Structure formats: structure tokens, C-alpha cells
2 protein chains.
Amino acid sequence: MHAHTAIAAQPTRVPHGHQAAVMAMPRVAPSRPAAGFAAIDADPLAAIAQFRVFDREQSIFAEGEAADAVFRVVDGMIRLYKLLPDGRRQIIGFLQAGDMVGLAFADRYLYSAEAITASTVQRIPRCQLDALLDSQPALARRLLSVTTSELVAAQDQMLLLGRKSALEKLASFLLALSRRAGAGRAIALPMSRCDIADHLGLTTETVSRGFTKLKTSRLIRILDGGRVELLDAEALADLADCA
Amino acid sequence: MHAHTAIAAQPTRVPHGHQAAVMAMPRVAPSRPAAGFAAIDADPLAAIAQFRVFDREQSIFAEGEAADAVFRVVDGMIRLYKLLPDGRRQIIGFLQAGDMVGLAFADRYLYSAEAITASTVQRIPRCQLDALLDSQPALARRLLSVTTSELVAAQDQMLLLGRKSALEKLASFLLALSRRAGAGRAIALPMSRCDIADHLGLTTETVSRGFTKLKTSRLIRILDGGRVELLDAEALADLADCA
DNA sequence: CGTCCCCTTGAACTCCATCAAACCTGGTGG
DNA sequence: CCACCAGGTTTGATGGAGTTCAAGGGGACG
């Protein structure tokens, strides 16, 4: 079996002087990994973690490789994706500071991970994690909680992929990012249109047309630096869950 | 752009809160029969479980309701689904004997569960589960493992929904069911075409045409009692993961 | 200032949804 | 036992949302 997992944790503070680029999360984000896991920050995972830095577009691990470590994102943005033999790609999720990836009890990664921006991650060797789980039973419950949140996000994404129109998908995506990022109306979109398309089950062209439509409808505004401002979150929400 | 009719012949109203909550547990193991569940069968969960029987098409719980219990399927088949406000439905997963549902650490169910066939389930009150987790730390690890498998299945489903064609979806679905059912080449399909469609992000008509095509291509054969025989699993596998 | 890459826009096509009707099949009641 | 009905299923015809193919911007970087 293989297995894999993208997990969202929720750091409020990152050890070793690194800064969490994000956060202050609403209690329950309906369609994104999330939820309060501040507890994990204080836990022993940090003690055994090695820090690693990845360049833009650099691979962190690939589907099929031996899954010998779990990662937690400290800074930057990561994409997780699966490929079909002919190259079609589905992006499972985008990870930001605080999210975990690789949590699984299988020996191979089930998807690939690449840095979208320059990123810093903590690497936690699998064997050490296992030992930790033995000595700290409460950790398993926390990880269970984190994994469950991931699963919830995955189910929302299924609804999106299976039943929403292109524009609904785009609106849902922007809102999810916004909730995840917290307060501000402006959100960072460091990923390409192609990444977004592969996350939403669309093509770059359709994503681009969608952005144009949202712009001309005055629902969003494109800022510099690939940032987007949500001008009317309520209208976007209507668009996201409805027809 | 509307779509569906989730309403079968069923008096059970589907409320649907838009409340956030959590829970989880579909189960369509991509590559294994119900493996790791034997251990759980012997465990203390059984001690506190109440058995319940549900009729065909009966609701087990609905999205938005207080999530006060976790369930384990003993017999029958259950569908888990989410609805959009306009009625479009996405079936998150089909549960069979051994699968768990409702595992989560939130106070509301995030999707609805209905019996497809007459079903027997064990009901495990949430509060008792929590107590058990405290007294039996190893249980959390087992549940973590189960949840992780779920997540893996969910990610495969995302790839399916986002990037596969109608026929590829159908082939993948049949193979997943077959792997789950284990040995025999014949698999039970107690769910309707509409259920299958709502699971694969298609319409009943497209599912029906797909079945017809697989039949005329001699890849499957329809048996009585809604059973299907996979005549050429290899060809189906090619169809499932490729173009 | 040119090149590369991504994004945007346009036009044609395709797969699947939609609309519609015929066909089963199981259940009911005469 | 069969006629009838209601439900789901299959098949057909048509249309549309999104893909595919193609070309034209526009910003970053050398």
C-alpha cells in the first residue's frame, strides 16, 4: 500500500526563529485544511525536526519514493499533485506555513510535492515519528485530529470537482484561500494559472477567462505581485455554493 | 446549470446546515480489501456499540446534525453525500461492512448518510469514544491509520473527478469496487445509476451509456441482481489510469 | 531591446449535459 | 395470473460549457 497525506496544522509560532508567514485562523474553515492545532507547536516534533530550504519549483519528494519522512511547512508554498500516465495532473492541495505533509503509515509517497515559491520546511524522519508516537500517546490524537481536518477539506474538494461549474470552482477557491489567509481582503496567489487549473479540474484558459469575468463583474481586483483583492466576498460566496 | 435530484423516494428530509463541522470516513480502499479492520473488531469499540438496523433508503444522519456518535457498518451499503443549495449532489463514498463513518472531532456532521440497502450498523456514542481514547491510547493510532487510508482514497477520487473522462471514471470505479470486494470477478452494485453518477461527477445517462459501451466492448457483463462481472480487468485498468 | 514564459483572448470543436421518449422490472391489485 | 403502474434504465437528438488549437500581449530578466 502506499499512502499519503496532506495535513494542515496550525502553528502560531514557529520554533528556531523562523516566522510563520500566515495565520490567525478562523476557528472552522469550511473548505480548507484548518483548525486549531497550536498545541503541536509546543510538542516534541519540533525537537527532532531538521530544517530544509527549497528553491522555487524544486521537488521535495515524488510519488512512489520511499516515504521516510514527514514534513511541516514553515514558510513558502508547496503544491501536492498526482499524475496520470499520460501527464494529466491533479493538484491535491496547496500547503502553506503550518501545514503538514507526508503523514501516513505507508512506505511510499502517494503524490509528489514541489515548492511553488522558495520554501522552508521541517523534516521529521518517519522512524523518529513512530518512536514519538509510542512514547507520547497524546500525539496520535493530535495527528488524528489534523488528518481528519484534511479529510474534510478533501471532501469539500470532491464536491467542487464533481459538481461545480468553472466559475463556481474559481469563486470557491478564492474564498477558501481567503479564509485560510485570515483577515485581509487581499490574498497571495503565488501559483500559476496552470496550477490553479490543475487544482480545480479545468484548463488554464478557462481559469483565465474566469478571472477576467470576476474582474469585469467587480468581484475581485488584481493587485501587483500576483495578489488578488476580494471586493465582494458575499457575492463570491453566493457564486461558490450555488448555481 | 442545475442538476439533480437527490430526492429519491424518501420521506427523510435532508436538512442541511451550512455549519462547519467535521467528521469523516468514506471508504473505497483503492487497493485493498478491508484489511486493517480485524484488529478493530476485537477492540473495545465493540463493547460500547449499540446495534441498529436501517431500512433501504433510510437516513442515518444528515449534514448539519449534531455529531454525537460514530458508526461502523456491519452489513449493507451506505452512501455518504454532500449537497449544494440547489440540490446538486456529490456522493463522497459508499460504505460497506467494516467501514467507519462519523469519526471526527467536531460537533456537526459534514455530510449525510443513507442506507442504500437494508443495513446494520454499530453506533458508538461520541462521548464514550472520547473516554475510550483516553484510556486506550493505542486506539488513536488505529483510528489514525484508518483515517489516513480514507484520505488516500479521497485523493484518488480527486484525481478521478478532476482529470478523468467519463469512461475512465467508470472503469476506475468498477475496479475500486472489485478490489474492495476481494477475489471474485463479480461485484455487487446495489446503488442506482444516479448514485454512481453522483459519485463520479456525471449524469445517469452518461453512466448508462458507459455501461453499455463496456458491455459491447466485452469488458464487463451484467448479471442478475444488479451484479457485474469484470471480464477483462486488465483492459479496464488500462482504461482507468490512462487515456 | 530581445527573448522567454506566462497570461489573455479568439475561434472551432467535443464531450458530456440536457431534453425527451421508449423500455424494462418489480410491485400491486383486480 | 395478468394488467397496470411507478421507478429506474436505456437510447436518441440536441445543445452548451469547457477544451483544444491558435495567436497576440506583457512583464521579468539577460
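By convention in this document, chain letters (A, B, ...) are assigned in the order of the sequence lines, proteins followed by strands, and residues within each chain are numbered from 1. These numbers were taken from a predicted model, which means no experiment stands behind them.
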(request) State plainly whether the residues A:K82 and A:D198 are in salt-bridge range, i.e. N to O under 4.0 Å. (result) no
Would you list the atom pairs, donor with acceptor, under 3.5 Å between side chains in residues 52-63 of chain A and any protein atom, with sequence neighbours excluded?
| from | atom 1 | to | atom 2 | distance (Å) |
| --- | --- | --- | --- | --- |
| A:E57 | OE1 | A:R79 | NH2 | 2.9 |
| A:Q58 | OE1 | A:D55 | N | 2.7 |

(message) Between the opening five pairs and the closing five pairs of the helix from C:dC1-D:dG30 to C:dG30-D:dC1, how far apart are the helix axes, to 10°?
(response) 30°
(message) If the cut-off is 4.0 Å, is A:T206 near the phosphate of D:dT19, judged by side-chain N/O to OP1 or OP2?
(response) yes
(request) Nearest-nucleotide wise, let me know which of A:L202 and B:M191 is further upstream toward the 5' end of DNA chain D. (result) B:M191
(request) For A:G201, answer base if it contacts any base atom (sugar-phosphate contacts may also be present), sugar-phosphate if it contacts only those atoms, and nothing otherwise; contact means non-hydrogen atoms under 4.0 Å. (result) sugar-phosphate
(message) Under 4.0 Å between a side-chain nitrogen and a carboxylate oxygen: does that hold for A:R88 and B:D241?
(response) no
Residues 202-214 of chain A side chain polar contacts: donor-acceptor under 3.5 Å, at least two apart:
| from | atom 1 | to | atom 2 | distance (Å) |
| --- | --- | --- | --- | --- |
| A:T203 | OG1 | A:T206 | N | 3.3 |
| A:T203 | OG1 | A:T206 | OG1 | 3.1 |
| A:T212 | OG1 | A:S208 | O | 3.0 |

(request) Verify whether one side chain among B:Y81 and B:E114 offers a donor that lies under 3.5 Å from an acceptor in the other. (result) yes
(request) Measure from NZ on B:K213 to P on D:dT9 and round the result to the nearest Å. (result) 21 Å
(request) Tell me what A:T212 touches on the nucleic acid: a base, only sugar-phosphate, or nothing, going by heavy atoms under 4.0 Å. (result) sugar-phosphate
(request) Select base, sugar-phosphate, or nothing to describe what A:S192 touches, counting heavy atoms under 4.0 Å on all strands. (result) sugar-phosphate
(message) In whole Å, I'd like the distance from the CG atom of B:D224 to the P atom of C:dT25.
(response) 11 Å
(request) Before accepting this row, confirm whether a basic side-chain N of the pair A:D99/A:R180 lies closer than 4.0 Å to the acidic partner's carboxylate O. (result) yes
(message) On DNA chain D, compare the nucleotides closest to A:A166 and B:I222; which residue's is nearer the 5' end?
(response) B:I222
(request) Would you mind reading off the distance between B:F211 atom CZ and C:dC24 atom C1', rounded to a whole angstrom? (result) 17 Å
(message) Output the rounded distance in Å from CD (B:E205) to C1' (D:dT14).
(response) 13 Å
(message) On the side chain of A:R209, is there an atom forming a donor-acceptor pair with the base of D:dT20 - under 3.5 Å, no angle test?
(response) yes
(request) Round to a whole Å and report the spacing from CZ of B:R163 to P of C:dC15. (result) 16 Å
(message) Given A:L170, which partner from the list A:L175, A:I196, A:L239 fulfils the side-chain contact (heavy atoms from CB on, under 4.5 Å) test?
(response) A:I196
(request) Measure from CZ on B:R88 to C1' on C:dC16 and round the result to the nearest Å. (result) 16 Å
(request) Calculate the interatomic distance between B:R56 atom CZ and C:dG26 atom C1'; express it in whole Å. (result) 11 Å
(request) Please determine if a side-chain N or O atom of A:S165 lies less than 4.0 Å away from the OP1 or OP2 oxygen of D:dA17. (result) no
(request) Would you classify B:S208 as touching base, sugar-phosphate or nothing, given that sugar-phosphate means primed atoms plus P, OP1 and OP2, and contacts are heavy atoms under 4.0 Å? (result) base
(request) May I have the distance from A:K169 (atom NZ) to D:dA17 (atom C1'), rounded to whole angstrom? (result) 11 Å
